[in-house]
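Take a look at the structure below.
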Amino acid sequence: MISYLVFFACIVLILSLLTLGLNLQWGFTGLFNAGVVGFYAIGAYTHAILTASPQPQYLGNFGLPWLVGVLAAMAATALAGWLIGLVTIRLRGDYLAIATFGVAVSIQLVTLNWEPLTGGSQGLTRIGKPFAQLFETPFGFNLWFLGLMIVILGTTYWALDRVLLSPWGRVLKAIREDETAAVALGKSARRFRLEAFVLGSTLMGLAGALYVSFIGFVSPFDFLPIVTFQVWAMLIVGGSGNNRGAVLGALVVWGIWAGSGVAVTKLVPPSRAAQGAAIQVILIGLLLVLVLLFRPRGLIGEAAVVSRHVND
Amino acid sequence: MERRGRSAVVSAVALVAGVLAAAPAAAQTCPVKIGGVLPLTGSMAPITKKIAQAAELAIEHVNAGGGVKGCPVQFILRDDQGQPTVGVDAAKYLVEVERVPAFTGTISSGVTGPIIASVTAPSKVVQITCCSTASPFTLDGRSGGYFFRTIPTSKTQAYATASETARRGMKKTVVVYINTDFGTDMLRFYKAAVAKLGGEVIAEVPYNDNQPSYRAEVTKALAAKPESLLLIGFPKDAVTIVREWLSLGGTKSIALNNSMRTMDFVNGVGAKFVEDVFGMDNAQVAGPHVDAFNKAFEEKFQADTKGPGVHTQYDALMVMALAMNISKDLTGPSIKDAVRRVHVPNGTPVGTGPAEFKKAVELIKAGKPIKYFGATGPIEFDANGDVTGPALVWKIKDGQIVTDRSITIEDMQTLFKRVEN
Amino acid sequence: MSHGVAPHLQVTDLVAGYVRGLPVVHGVSIEVDRREIVTLIGPNGAGKSTLLKAIAGLIASEKGRIRLGGRDVTALPAHRVVSSGIGFVPQTGNVFTTLTVHENLKVGAHLVRGSLNERLERAYALFPPLAARRPLRARALSGGERQMLAIARAVMADPTLLMLDEPTAGLAPRVVEEVFRQLRGLAEAGIAVLMVEQNARAALGVSDRGYVLTEGKNRFAGPARALLDDSRVAAAFLGGR
Amino acid sequence: MIQALADGILTGAIIALGAIGVTFTLGIMRFANFAHSELLTWGAYIALVVVAFAGPGTPTGPLSFGWQLLAAALVAAVLTGFAAWAVDVLVFRRLRRRGALPLTMVFAAFGAALVMRHLIVLIWGHESRYYTRELQLAVELLPGARMLPDQIFILGLALAAMIVLHAFLAWSRTGIAMRAMAESPALAQVCGVEVDAVVRLTWIISGALAAFAGVFTGLTPQLHPEIGFNLLLSLFAAAILGGTGSLAGAVVGGFLVGLGENLSLLVISPGYKGAMPFLLLLVILIVRPQGIFGDKA
């Protein structure tokens, strides 16, 4: 039981990291990134390719230490975020969304088709886990990983708070709130946006590296568009523009997703499992709609949201 | 805001914990729990329906035949939605909360892979799949010997297919295959075998599943002017592909893989249009144990047993229950070793159905070895946890799927030697 | 103003704003009669535009009454306000740029049943430059032509009260004169005209009466001539010239 | 090459029908309705129910179905139209009145889509269904271009539906009001246009066209609960490619996406087909950020 909760918490914290990255882009900068899973994938695969134990049929699988994989994953996603941002960031709203969505789909297809590097649909295994050899049981490793995640997420959370209170963070909010301010800043507004995009993407890459080093296996099926939707649902349910909301959203949405499965298993006999599973997904959809109906700005809305309308 | 946020956190945690607490944390007492993870929703769901029914039937037979160690078996089935994270969570839940020592699952290798890596191997529980064929899972030792499958690897089927296409003199073949581990494995092994056995692959067209139309892929395949088609995939998309293929004037000389051995496929395309096709399937040598399963399934669900994973799923759970009876205790490591003792060369043969299971349990109690013949034939695992079974060639006659001929285990072994040397 | 009969538009102690509980208009009362032009002036943020939008039903009023021709229109949704006889020309985005001139006029008469041909011809007769631009998209019009189209569109529904939010903003002086001349003509035809103007001196010049609003409240009111001559108004609200 | 062009036009026609609804919700309701694809599915299954009662009809001429299927499609169009409106009343209208942000609407739509799709699973199951078991052989239209008679018929019907809709938007007063509303809801209101009425009409039209797209997809050759969902990305790519809110845009976008998907296989591996609509989109957005027929806001 405890062991499952520890495992569950690790997943929630990894998802929180993704949601925090997205919150920086959307909640604080207004960038509609619908390609979250693409950056997650880049981080995951970079880590996997660098740290997985060597195998003759693959170009990668260098067997490098865990920390190298994590840092390289962040660097690779930052670079990818910069390149993708450079091309797409001037698009507005929905168009940026569909463009980033397309980028994520393309990245997933590359992981599926570039077999010598990514293992294609077979995936890569034996990926570097942090100090896994020190632990006898999976529970021990999970507990240690949870501790590690708490430190990483806590540090990220703290650093984001700092950054957003800094002049740089205030400029971001100004750009998001006020188009004229953005126009007045001209070229540098785009630079600020790009920086936020890169920083957010880097967090997503970190989450990807942590996910595969927790699970120990990666395949293209980890990066289907549904993951992007889940992360967005977490941010919207929790309340965008608010880091506490982002973390809470990850907990609530993933809790609903996993918990409803347990509930259905308890209530529906196995012979009706197919219908039960359909009901589970219906419940997930219904809960999402209900949360949004009754708290349209998320569980923890942004405090200063009213200010925008007063000056109309 | 502050307080509301915090109370939301508390209630969310309470919700999760409450649901989980409802599960009694019992092991070794009655009933004995067996887990299952299958994609009950999502794109694989159409083929899962019968697989889940086969699982249900197996559990029913086990319980009617005396259960495990005198206890009835409780089967806890979770949905993986075809999503790796969901599947891993479900498996973790089964192992850590429900404390199952063994579970069956799942179909998509993209979900099975992370489950092996993060649940099965580290937690030392037994996992038997009906359907995940990705070749590396059993080969590279990643599972620590805890992962088994009752479905022969893609290699067996691919070699058998190549021998049959060669026998029928199929030339200038285009291979249209699903772009997953299953499809790429099949293509790779098929090409290797064809090179030795005769025949020529003139074009390879991968396809991604769940496309609304495959006209582009079919057009591309036809552009190579093939004389025959080998289609590797799953029935839903295959119906669309074959219909588009035929209506665009493609040849009727079509070879298919095991998944298409289902009336859904035949009726989907239209029986009169597929008179010339043939397909492969694993194992299922004829015999009383196969018939017994087919009969029991047809009676219970008013549906035939043709379809991917139906027989193998039944065997996965029967093997698991037999092994749990053989095992000295209900822990993963000892069940793992017991799995290899369900088909002992000098054992007493036992088959499918409740009566045969009961007989097996009594033999086990008496300390005698058993030799299980399942719904797919003799179940004997090799060192990797794979089965090599016989194969059969099926065709369609008068709107029905009939067996054309069988390839025995001995034939298969010769075939392997011819291809791999 | 004091005819003994109730004025055509009568707004009493109106409280309104964009967000409930944060009003921008704090209890304003104004009256407009048919055949007269009334101008609202005041500094930025005085609530002039908000007042017009509240009368038009685009934002909800929290307190107070709006009566038109003796009928209470306070709580009506915007499209019902139109059918009660109020035409509104917002300050920005007051024409549909993706629609042609002709289509803009048709939308203006959305609530009118039956054939529109007669009305359309009347509108083109009233604003001859538009007739030549009939098939063009409104995006292609000049600033003055747009303003003309916006007014023509608003009168397509035969309003008894026409409200305009800064109808001359950004227009050349010659065009400003033309717009005011048109408004005078509409008033003489029997319409009550209520406008908000930054160009206060010129607007009061063509108006019958005026109101000065500050911080969402009434400050001064009176005949246009009197306001123009009032040194307090002139110093604070009419600018240096 | 010619075959790929013909295929592209066919796929494009169906995508265009679906994309019209997407572009309308984007233009008038101002949010990306992820539940739109489920309207295709519902339309297809409603028609299936009608066909189950009336039968697909005896094949008429070269077609594999009779008038019954067309009648079924019409019934499905009407019912799906109202279903779309019902979803609006139950979910989206409430959110609009609460001043929800567009993104909140998007995720409510995502939730609604999950519910709608799995209700189909619950009612009809996962198995594939068929309107008709007939299999047609393609006729050679041009040298090297084969098409099924059914598909030619569908293409004609789809084009007819688009022309009717275009005429409605161009000349009817209600159509003009819809376009006015798409540009500026506030200004439309002060012209006396009732927002709720236009919204209702928009949903009904979108739902009806989605139902047609769904039935047409289901006809070649099968229905399953994910039939609409599998088209979702193409629909959105088409709508945005054409420029949101523009009928012509959605139609041209639909054909471009259809052609792009089919022609691309001449040069790239089919493994990358899924990325095609987006690469096309990316190129066009970089050249023309507001879409082909979009207006600069």
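Values in this document were obtained by computation on a predicted structure and should not be read as measured data. In the text below, chain A, chain B and the rest are named by the order of the sequence lines, each starting its count at 1.
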Which atoms form the tightest heavy-atom contact between C:V112 and D:R173, and what is the distance? O-NH2, 2.6 Å
What distance do D:C191 atom SG and C:K106 atom NZ have between them, rounded to the nearest 0.5 Å? 14.5 Å
Part of C:L58 lying under 4.5 Å from any heavy atom of chain D: side chain
Under 4.5 Å from a heavy atom of chain D, the part of C:R153 involved: side chain
Between atom CG of D:L187 and atom OG1 of C:T97, what is the distance when rounded to the nearest 0.5 Å? 10.0 Å
Within a radius of less than 6.0 Å around CZ of D:F255, do more than 12 heavy atoms belonging to other residues, nucleotides or ligands occur? yes
Any idea which heavy atoms bring D:V193 and C:H79 closest together, and the distance? O-CB, 3.6 Å
Can you give me the closest heavy-atom contact between D:V190 and C:A56, atom names plus distance? CG1-CB, 4.5 Å
Does any backbone or side-chain atom of C:V89 lie under 4.5 Å from a heavy atom of chain D? Answer side chain, backbone, both or neither. neither
Closest non-hydrogen atom pair, D:A177 against C:H110: CB-CE1, 3.4 Å
Given a strict heavy-atom distance threshold of 4.5 Å, which part of D:E183 is in contact with chain C: side chain, backbone, both, or neither? side chain
Bottom line for D:A170: the part with an atom under 4.5 Å from chain C's heavy atoms is backbone
Below 4.5 Å from any heavy atom of chain C, which atoms of D:A182 appear? Answer side chain, backbone, both or neither. neither
Need one label for C:T100: side chain, backbone, both or neither, based on atoms under 4.5 Å from any heavy atom in chain D. neither
Nearest heavy atoms of D:R179 and C:L99, plus distance in Å: CB-CD1, 4.0 Å
If I measure from the heavy atoms of chain D, does C:V107 come under 4.5 Å with its side chain, its backbone, both, or neither? both
